[in-house]
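The block underneath contains the structure these notes are about, expressed in C-alpha coordinates.
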Amino acid sequence: MNTVLVTGASRGIGKAIAEGFAKEGYALAINYNNSRESAQDFAARLMKKYEVPCGAYKANVRDKGEVEEMVSRVKSDLGTIVTLVNNAGISTQKEFRDITETQWKEMLSTHLDGAYNCTQAVLPDMLCRKYGKIVNIGSMWGITGGSCEVHYSTAKAGLIGFTKSLAKEVAPSNINVNCVCPGVIETDMLKIFDSQTIKSLENQTPLGRIGTPKDVAKAVLFLCSKEADYITGITLNVNGGFLI
Ligand code: NDP
(Lines give C-alpha, C1' and ligand atoms only; values in the text may rest on other atoms or scores of the structure.)
Protein backbone atom coordinates (compact mmCIF):
# COMPACT_ATOMS: atom_id res chain seq x y z
CA MET A 1 0.00 0.00 0.00
CA ASN A 2 1.12 3.54 -0.78
CA THR A 3 1.87 5.39 2.46
CA VAL A 4 1.83 9.18 2.61
CA LEU A 5 2.93 11.62 5.32
CA VAL A 6 1.32 15.06 5.21
CA THR A 7 2.83 17.58 7.63
CA GLY A 8 0.57 20.17 9.26
CA ALA A 9 -2.53 18.19 8.37
CA SER A 10 -4.59 19.04 11.43
CA ARG A 11 -6.08 22.13 9.78
CA GLY A 12 -6.45 24.08 6.54
CA ILE A 13 -4.69 23.05 3.34
CA GLY A 14 -2.92 20.05 4.90
CA LYS A 15 -6.24 18.69 6.10
CA ALA A 16 -7.74 18.88 2.59
CA ILE A 17 -4.63 17.23 1.13
CA ALA A 18 -4.86 14.44 3.70
CA GLU A 19 -8.52 13.80 2.89
CA GLY A 20 -7.68 13.69 -0.83
CA PHE A 21 -5.11 10.95 -0.22
CA ALA A 22 -7.48 8.98 2.02
CA LYS A 23 -10.10 9.12 -0.73
CA GLU A 24 -7.50 7.69 -3.15
CA GLY A 25 -6.87 4.78 -0.79
CA TYR A 26 -3.44 5.76 0.57
CA ALA A 27 -2.36 4.73 4.06
CA LEU A 28 -2.21 8.13 5.69
CA ALA A 29 -0.08 9.75 8.40
CA ILE A 30 -1.50 13.05 9.62
CA ASN A 31 1.17 15.17 11.29
CA TYR A 32 0.25 17.86 13.81
CA ASN A 33 2.10 19.99 16.31
CA ASN A 34 -0.43 21.60 18.70
CA SER A 35 -3.87 20.53 17.44
CA ARG A 36 -3.85 17.04 18.94
CA GLU A 37 -7.58 16.60 19.43
CA SER A 38 -8.65 17.77 15.98
CA ALA A 39 -5.90 15.68 14.32
CA GLN A 40 -6.95 12.56 16.20
CA ASP A 41 -10.66 13.12 15.51
CA PHE A 42 -9.89 13.76 11.86
CA ALA A 43 -7.82 10.55 11.57
CA ALA A 44 -10.63 8.52 13.14
CA ARG A 45 -13.19 10.09 10.79
CA LEU A 46 -11.09 9.37 7.67
CA MET A 47 -10.44 5.79 8.73
CA LYS A 48 -14.17 5.20 9.08
CA LYS A 49 -15.22 7.07 5.95
CA TYR A 50 -12.61 5.71 3.51
CA GLU A 51 -11.64 2.46 5.28
CA VAL A 52 -7.93 3.22 5.01
CA PRO A 53 -5.19 2.83 7.62
CA CYS A 54 -4.69 6.26 9.12
CA GLY A 55 -3.12 7.83 12.21
CA ALA A 56 -2.34 11.20 13.79
CA TYR A 57 1.32 11.78 14.66
CA LYS A 58 2.70 14.59 16.79
CA ALA A 59 5.98 16.23 15.78
CA ASN A 60 7.24 19.77 15.64
CA VAL A 61 8.78 19.72 12.15
CA ARG A 62 11.48 22.10 13.36
CA ASP A 63 12.81 19.39 15.65
CA LYS A 64 14.88 16.71 13.88
CA GLY A 65 14.60 14.23 16.76
CA GLU A 66 10.79 14.51 16.92
CA VAL A 67 10.53 14.11 13.14
CA GLU A 68 12.75 11.01 13.14
CA GLU A 69 10.70 9.46 15.92
CA MET A 70 7.47 10.26 14.06
CA VAL A 71 8.74 8.72 10.83
CA SER A 72 9.83 5.55 12.56
CA ARG A 73 6.40 5.24 14.25
CA VAL A 74 4.63 5.81 10.92
CA LYS A 75 6.79 3.14 9.28
CA SER A 76 5.96 0.56 11.89
CA ASP A 77 2.22 1.43 11.90
CA LEU A 78 1.53 2.13 8.23
CA GLY A 79 4.55 0.98 6.20
CA THR A 80 7.34 2.74 4.34
CA ILE A 81 6.58 6.34 3.39
CA VAL A 82 6.81 6.78 -0.39
CA THR A 83 4.92 10.08 -0.61
CA LEU A 84 5.71 13.17 1.46
CA VAL A 85 3.96 16.52 1.51
CA ASN A 86 5.90 19.26 3.31
CA ASN A 87 2.94 21.50 4.11
CA ALA A 88 3.36 22.63 7.76
CA GLY A 89 3.73 26.37 7.92
CA ILE A 90 3.17 29.62 9.78
CA SER A 91 2.73 33.20 8.64
CA THR A 92 2.82 36.66 10.19
CA GLN A 93 2.58 40.15 8.75
CA LYS A 94 5.28 42.52 9.99
CA GLU A 95 7.34 45.35 8.68
CA PHE A 96 10.86 44.09 8.08
CA ARG A 97 12.43 46.43 10.68
CA ASP A 98 10.12 44.99 13.37
CA ILE A 99 10.89 41.32 12.72
CA THR A 100 12.83 40.07 15.74
CA GLU A 101 15.64 37.58 15.42
CA THR A 102 13.45 34.97 17.12
CA GLN A 103 10.59 35.54 14.66
CA TRP A 104 12.97 35.47 11.71
CA LYS A 105 14.51 32.18 12.86
CA GLU A 106 11.14 30.63 13.67
CA MET A 107 9.80 31.44 10.20
CA LEU A 108 12.83 30.08 8.34
CA SER A 109 13.09 27.08 10.59
CA THR A 110 9.43 26.03 10.32
CA HIS A 111 9.49 26.04 6.54
CA LEU A 112 13.10 25.17 5.70
CA ASP A 113 14.31 23.05 8.64
CA GLY A 114 10.86 21.45 8.49
CA ALA A 115 11.34 20.40 4.87
CA TYR A 116 14.95 19.38 5.56
CA ASN A 117 14.07 17.27 8.61
CA CYS A 118 11.08 15.50 7.06
CA THR A 119 12.72 14.90 3.69
CA GLN A 120 15.92 13.56 5.22
CA ALA A 121 13.93 11.19 7.39
CA VAL A 122 12.02 9.63 4.47
CA LEU A 123 14.48 9.90 1.59
CA PRO A 124 16.70 6.85 2.39
CA ASP A 125 13.72 4.51 1.94
CA MET A 126 12.71 6.24 -1.29
CA LEU A 127 16.26 5.94 -2.63
CA CYS A 128 16.33 2.29 -1.66
CA ARG A 129 13.01 1.59 -3.43
CA LYS A 130 13.84 3.81 -6.40
CA TYR A 131 10.44 5.44 -6.04
CA GLY A 132 9.11 8.49 -4.28
CA LYS A 133 6.97 11.61 -4.60
CA ILE A 134 7.72 14.76 -2.63
CA VAL A 135 5.61 17.91 -2.82
CA ASN A 136 6.58 21.08 -0.99
CA ILE A 137 3.96 23.74 -0.33
CA GLY A 138 5.44 27.09 -1.30
CA SER A 139 3.55 30.31 -1.88
CA MET A 140 3.13 32.88 -4.61
CA TRP A 141 4.86 35.29 -2.20
CA GLY A 142 8.00 33.16 -2.52
CA ILE A 143 7.94 33.93 -6.24
CA THR A 144 6.90 37.56 -6.32
CA GLY A 145 7.81 38.77 -2.80
CA GLY A 146 5.26 40.05 -0.29
CA SER A 147 5.48 43.42 1.43
CA CYS A 148 5.50 43.03 5.25
CA GLU A 149 6.25 39.34 4.73
CA VAL A 150 10.00 39.37 4.05
CA HIS A 151 10.60 36.47 6.43
CA TYR A 152 7.72 34.43 4.97
CA SER A 153 8.64 35.23 1.34
CA THR A 154 12.29 34.36 2.03
CA ALA A 155 11.35 30.99 3.50
CA LYS A 156 9.03 30.17 0.61
CA ALA A 157 11.60 31.26 -2.00
CA GLY A 158 14.03 28.94 -0.22
CA LEU A 159 11.60 26.06 -0.59
CA ILE A 160 11.49 26.64 -4.35
CA GLY A 161 15.30 26.38 -4.50
CA PHE A 162 15.14 23.30 -2.29
CA THR A 163 12.63 21.73 -4.68
CA LYS A 164 14.64 22.41 -7.82
CA SER A 165 17.99 21.22 -6.44
CA LEU A 166 16.63 18.08 -4.84
CA ALA A 167 14.61 17.26 -7.96
CA LYS A 168 17.81 17.19 -10.02
CA GLU A 169 19.71 15.18 -7.42
CA VAL A 170 17.18 12.40 -6.87
CA ALA A 171 15.65 12.12 -10.36
CA PRO A 172 17.99 9.23 -11.27
CA SER A 173 16.36 7.31 -8.41
CA ASN A 174 12.89 7.89 -9.89
CA ILE A 175 11.90 10.34 -7.16
CA ASN A 176 9.82 13.36 -8.20
CA VAL A 177 10.14 16.60 -6.22
CA ASN A 178 7.76 19.44 -6.97
CA CYS A 179 6.44 22.59 -5.35
CA VAL A 180 2.84 23.83 -5.29
CA CYS A 181 2.55 27.59 -4.83
CA PRO A 182 -0.90 28.62 -3.57
CA GLY A 183 -2.24 32.14 -3.84
CA VAL A 184 -4.78 33.37 -1.29
CA ILE A 185 -6.51 30.35 0.26
CA GLU A 186 -9.31 30.37 2.80
CA THR A 187 -7.82 28.94 6.01
CA ASP A 188 -6.99 30.10 9.55
CA MET A 189 -3.97 31.82 7.99
CA LEU A 190 -6.28 34.49 6.55
CA LYS A 191 -7.69 35.36 9.99
CA ILE A 192 -5.18 38.20 10.28
CA PHE A 193 -7.01 40.05 7.48
CA ASP A 194 -10.23 42.07 7.90
CA SER A 195 -13.17 41.59 5.52
CA GLN A 196 -12.21 44.65 3.47
CA THR A 197 -8.75 43.23 2.79
CA ILE A 198 -10.24 39.86 1.83
CA LYS A 199 -12.63 41.60 -0.57
CA SER A 200 -9.74 43.48 -2.13
CA LEU A 201 -7.73 40.24 -2.50
CA GLU A 202 -10.77 38.68 -4.18
CA ASN A 203 -11.01 41.63 -6.56
CA GLN A 204 -7.34 41.27 -7.46
CA THR A 205 -7.88 37.61 -8.38
CA PRO A 206 -8.80 37.19 -12.07
CA LEU A 207 -10.93 34.11 -11.34
CA GLY A 208 -12.87 36.30 -8.90
CA ARG A 209 -12.67 34.28 -5.71
CA ILE A 210 -10.38 33.23 -2.88
CA GLY A 211 -9.06 29.68 -3.30
CA THR A 212 -10.17 26.75 -1.19
CA PRO A 213 -7.92 24.15 0.48
CA LYS A 214 -9.42 21.62 -1.96
CA ASP A 215 -8.15 23.66 -4.93
CA VAL A 216 -4.62 23.17 -3.58
CA ALA A 217 -5.20 19.53 -2.62
CA LYS A 218 -6.18 18.62 -6.20
CA ALA A 219 -2.86 19.97 -7.53
CA VAL A 220 -0.89 18.06 -4.89
CA LEU A 221 -2.79 14.84 -5.59
CA PHE A 222 -2.07 15.22 -9.29
CA LEU A 223 1.68 15.71 -8.73
CA CYS A 224 1.74 12.58 -6.57
CA SER A 225 -0.14 10.50 -9.14
CA LYS A 226 1.17 8.30 -11.94
CA GLU A 227 -0.13 10.90 -14.41
CA ALA A 228 2.67 13.20 -13.20
CA ASP A 229 5.50 10.65 -13.38
CA TYR A 230 7.40 12.77 -15.93
CA ILE A 231 7.02 16.04 -14.01
CA THR A 232 9.73 17.08 -11.60
CA GLY A 233 11.27 20.30 -10.28
CA ILE A 234 8.29 22.48 -11.14
CA THR A 235 6.48 25.14 -9.17
CA LEU A 236 2.77 24.79 -9.91
CA ASN A 237 0.77 27.96 -9.26
CA VAL A 238 -2.68 27.53 -7.72
CA ASN A 239 -3.69 31.16 -7.38
CA GLY A 240 -6.74 31.92 -9.53
CA GLY A 241 -4.55 34.00 -11.82
CA PHE A 242 -3.44 36.39 -9.03
CA LEU A 243 0.16 35.95 -10.16
CA ILE A 244 0.86 34.88 -13.74
P1 NDP B 1 -3.09 26.85 8.80
O2 NDP B 1 -2.63 27.89 9.74
O3 NDP B 1 -4.54 26.67 8.55
O4 NDP B 1 -2.49 25.41 9.26
C5 NDP B 1 -1.13 25.30 9.51
C6 NDP B 1 -0.81 23.85 9.78
O7 NDP B 1 0.61 23.74 9.95
C8 NDP B 1 -1.47 23.33 11.05
O9 NDP B 1 -1.88 22.00 10.83
C10 NDP B 1 -0.33 23.38 12.06
O11 NDP B 1 -0.40 22.35 13.04
C12 NDP B 1 0.86 23.08 11.17
N13 NDP B 1 2.13 23.53 11.74
C14 NDP B 1 2.57 24.81 11.95
N15 NDP B 1 3.79 24.80 12.51
C16 NDP B 1 4.13 23.49 12.65
C17 NDP B 1 5.27 22.83 13.16
N18 NDP B 1 6.31 23.50 13.67
N19 NDP B 1 5.28 21.47 13.17
C20 NDP B 1 4.24 20.77 12.67
N21 NDP B 1 3.13 21.34 12.18
C22 NDP B 1 3.09 22.68 12.18
O23 NDP B 1 -2.29 27.15 7.44
P24 NDP B 1 -2.65 26.83 5.92
O25 NDP B 1 -3.38 25.56 5.82
O26 NDP B 1 -3.20 28.05 5.35
O27 NDP B 1 -1.17 26.67 5.34
C28 NDP B 1 -0.62 25.43 4.95
C29 NDP B 1 0.60 25.69 4.07
O30 NDP B 1 0.18 26.44 2.91
C31 NDP B 1 1.67 26.54 4.76
O32 NDP B 1 2.94 26.09 4.39
C33 NDP B 1 1.41 27.94 4.20
O34 NDP B 1 2.55 28.73 4.25
C35 NDP B 1 0.99 27.60 2.79
N36 NDP B 1 0.24 28.64 2.13
C37 NDP B 1 -0.98 29.09 2.61
C38 NDP B 1 -1.68 30.09 1.96
C39 NDP B 1 -2.99 30.61 2.44
O40 NDP B 1 -3.47 31.63 1.88
N41 NDP B 1 -3.67 29.99 3.39
C42 NDP B 1 -1.14 30.69 0.73
C43 NDP B 1 0.14 30.18 0.31
C44 NDP B 1 0.78 29.17 0.98
P45 NDP B 1 -1.00 22.54 14.55
O46 NDP B 1 -2.29 23.30 14.44
O47 NDP B 1 -1.18 21.14 15.01
O48 NDP B 1 0.05 23.27 15.33
Side-chain angles (χ1 to χ4, degrees), residues 5-20 29-43 56-71 74 84-93 102-103 105-118 121 135-146 149 151-160 162-163 179-193 197-198 201-202 204-205 209-217 219-220 235-240 242-243:
L5 167 63
V6 183
T7 68
S10 52
R11 296 183 282 122
I13 292 171
K15 194 172 180 180
I17 295 169
E19 177 142 13
I30 293 166
N31 159 252
Y32 67 93
N33 189 26
N34 297 307
S35 309
R36 175 194 296 268
E37 217 178 293
S38 67
Q40 287 177 342
D41 290 351
F42 180 49
Y57 297 85
K58 148 90 180 131
N60 178 348
V61 295
R62 295 171 59 187
D63 186 313
K64 198 167 172 54
E66 283 188 28
V67 168
E68 283 169 354
E69 203 187 311
M70 167 179 69
V71 166
V74 173
L84 167 70
V85 183
N86 286 312
N87 164 80
I90 53 171
S91 87
T92 50
Q93 288 253 319
T102 307
Q103 290 164 338
K105 286 188 172 160
E106 189 188 9
M107 185 62 73
L108 295 195
S109 172
T110 303
H111 296 272
L112 296 177
D113 296 350
Y116 166 81
N117 290 334
C118 296
V135 174
N136 302 309
I137 305 300
S139 163
M140 69 175 171
W141 304 120
I143 299 170
T144 190
E149 289 189 297
H151 51 349
Y152 183 75
S153 302
T154 303
K156 291 304 195 183
L159 264 184
I160 294 171
F162 176 93
T163 302
C179 184
V180 168
C181 287
V184 184
I185 309 297
E186 198 179 343
T187 69
D188 291 347
M189 226 174 235
L190 292 199
K191 279 185 178 161
I192 49 168
F193 299 123
T197 311
I198 298 283
L201 289 166
E202 242 167 42
Q204 289 172 68
T205 307
R209 65 171 175 88
I210 299 294
T212 65
K214 261 192 183 171
D215 289 323
V216 182
V220 173
T235 54
L236 177 57
N237 292 339
V238 183
N239 64 31
F242 195 108
L243 169 75

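These values consider heavy atoms only, across backbone and side chains, with no hydrogens, waters or symmetry-generated copies. Order of listing sets the numbers, starting from 1, for every ligand and every atom in it.
Below 4.0 Å from some heavy atom of Ser139 lie the following atoms of ligand 1, by number and element: 43 (C), 44 (C). Close contacts between ligand 1 and Asn34 involve ligand atoms 45 (P), 47 (O), 48 (O) [criterion: under 4.0 Å to a heavy atom]. Using a 4.0 Å cut-off to heavy atoms of Tyr32, the atoms of ligand 1 that qualify are 47 (O). Applying the 4.0 Å criterion to heavy atoms of Asn60 picks out, from ligand 1, the atoms 17 (C), 18 (N), 19 (N). For ligand 1 and Ala59, the ligand atoms under 4.0 Å from any heavy atom of the residue are 19 (N), 20 (C). Ligand-side atoms of ligand 1 in range of Ser35: 45 (P), 46 (O), 47 (O), range being under 4.0 angstrom from any heavy atom. Every atom of ligand 1 is numbered from 1 in the order shown, and the set under 4.0 Å from a heavy atom of Asp188 is 3 (O).
We find the CD1-CZ distance between Ile30 and Phe42 to be 5.0 Å, quoted to the nearest 0.5 Å. Annotation: the span from Arg209 atom CZ to Asp215 atom CG amounts to 4.5 Å, rounded to 0.5 Å. The distance from atom OG1 of Thr7 to atom CG of Leu84, rounded to the nearest 0.5 Å, is 7.0 Å. We find the CG-OG1 distance between Asn136 and Thr163 to be 4.0 Å, quoted to the nearest 0.5 Å.
With Ala16, Ser109, Pro182, Ala39 as candidates, the residue nearest to atom 43 (C) of ligand 1 on a non-hydrogen basis is Pro182. Summarising the contacts of atom 37 (C) of ligand 1 with Ile13, Ile185, Asn117, Leu159, the nearest heavy atom is found in Ile13. The residue from Phe193, Tyr152, Tyr57 that puts a heavy atom closest to atom 36 (N) of ligand 1 is Tyr152. One option in Val238, Ile17, Asn87, Ile137 has a heavy atom closer to atom 32 (O) of ligand 1 than any other, and that option is Asn87. Considering each of Ser38, Ala9, Ala88, the one bringing a non-hydrogen atom nearest atom 22 (C) of ligand 1 is Ala88.
Of the candidates Asn86, Leu159, Ile17, Ile137 forms a side chain to side chain contact (heavy atoms under 4.5 Å, CB included) with just one, namely Ile17. Each of Glu69, Glu66, Gln40, Met70 was compared with Lys58 under the side chain to side chain contact (heavy atoms under 4.5 Å, CB included) criterion, and only Glu66 meets it.
Close N/O approach between Thr110 and ligand 1 is not found [any backbone or side-chain N/O within under 3.5 Å].
Judged by the shortest distance from any of its heavy atoms, Lys156 lies inside the 4.0 Å radius around the atoms of ligand 1. Within the structure, ligand 1 has Gly138 among the residues with a heavy atom less than 4.0 angstrom away.
Salt bridge status for Lys15 with Glu19: absent, with no side-chain N to carboxylate O gap under 4.0 Å.
With a heavy-atom cut-off of 4.0 Å, Thr187 touches ligand 1 through its side chain alone. At a heavy-atom distance under 4.0 Å, no atom of Arg36 approaches ligand 1. Heavy atoms of His111 found under 4.0 angstrom from ligand 1 belong exclusively to the side chain. Proximity of Asn31 to ligand 1, defined as any heavy-atom pair under 4.0 Å, is confined to the side chain (atoms from C-beta onward). Contact annotation for Trp141 and ligand 1: no heavy atom of the residue comes within less than 4.0 Å of the ligand.
Open room surrounds CD on Glu37; 12 or fewer heavy atoms of other groups in view lie less than 6.0 Å from it. Within a 6.0 Å radius of CD in Glu186, no more than 12 heavy atoms belonging to other residues, nucleotides or ligands are found.
Under the 3.5 Å distance criterion, the side-chain polar atoms of His151 are left unmatched by any main-chain donor or acceptor of Lys105. Side-chain atoms of Asn31 never come within 3.5 Å of backbone atoms of Val6 as a donor-acceptor pair (strictly under, hydrogens ignored).
Shortest contact from atom 12 (C) of ligand 1 to any protein heavy atom: Gly8 CA, 3.5 Å.
The two atoms that bring Cys181 and Met140 nearest to each other are CB-N, 4.1 Å, heavy atoms only.
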